[in-house]
Amino acid sequence: MPATVEMHNTGERELQRDVVAMIEHVLADRLGDWRVSIVGSKANDRWEMKIHGPNGFERSYTLEGAAGEHEPRVIAAFVSKMVPTMKA
């Protein structure tokens, strides 16, 4: 099943589309259902990313805009490192 990716309060629609596409690509070959949620804050440049997967898998990470962590490729790299690589 494809991954579900939600983004809220993160700004530009084009950036959101790129992030969603890259996360979906990273998770495309992973077994099970995956949900990724990224929520921005109006108070600072931090985005909270949460990943939920099969067998109770849960991870979270704070993406710092000042450190370049809002870039789609950087986010995809974090997801790739955090999610097990078992393939379908």
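All heavy atoms count here, side chains included; hydrogens, waters and symmetry mates do not.
- A 6.0 Å sphere centred on CG of N9 holds more than 12 heavy atoms belonging to other residues, nucleotides or ligands.
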- Evaluate side-chain contact (heavy atoms from CB on, under 4.5 Å) for R17 paired with V20, printing each intermediate quantity in order. CA-CA 5 Å; R17 283 192 295 270; V20 169; 5.9 Å; no
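- V26 has its side chain out of reach of V83: every pair of non-hydrogen atoms, C-beta onward, lies at least 4.5 Å apart.
- Note that OG of S41 is 14.5 Å distant from NE2 of H8, once rounded to the nearest 0.5 Å.
- Taking the ring centre of F57 as origin, the terminal cationic atom of R59 falls inside the region bounded by 6.0 Å and 45° from the ring axis.
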- Item | H52 and W34: CA distance, side-chain angles, deciding distance, ring pair (Phe, Tyr, Trp, His ring centres under 6.0 Å) verdict | CA-CA 6 Å; H52 297 271; W34 294 94; 9.7 Å; no
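- The side-chain contact (heavy atoms from CB on, under 4.5 Å) check on E64 picks up D45, R46, T62, A67, E69, with sequence neighbours excluded.
- With hydrogens and angles disregarded, a donor-acceptor distance shorter than 3.5 Å links the side chain of H70 to the backbone of L63.
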- Before giving the answer on side-chain contact (heavy atoms from CB on, under 4.5 Å), spell out for V36 and L27 the whole-Å C-alpha distance, their side-chain angles and the decisive distance to 0.1 Å. CA-CA 10 Å; V36 179; L27 296 176; 3.8 Å; yes
- Query: I38 and T10: side-chain contact (heavy atoms from CB on, under 4.5 Å), yes or no, with the steps?
  - Reply: CA-CA 8 Å; I38 299 176; T10 55; 4.0 Å; yes
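- Taking each heavy atom of G32 and P54 in turn, the nearest pair found is CA-CG, 4.0 Å.
- L15 and V5 fall within the same hydrophobic cluster, where Ile, Leu, Val, Met, Phe, Trp and Tyr residues are linked whenever their side-chain heavy atoms come under 4.5 Å apart, directly or through other members.
- Within the 4.5 Å cutoff, no side-chain heavy atoms of Q16 are placed close to those of E14.
- Contact annotation: the side chain of M49 approaches that of M82 to within less than 4.5 Å [non-hydrogen atoms, C-beta and beyond].
- Contact annotation: the side chain of V19 approaches that of M7 to within less than 4.5 Å [non-hydrogen atoms, C-beta and beyond].
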- Could you check I75 against M22 for side-chain contact (heavy atoms from CB on, under 4.5 Å), going step by step and ending with a plain yes or no? CA-CA 8 Å; I75 295 170; M22 294 191 101; over 6 Å; no
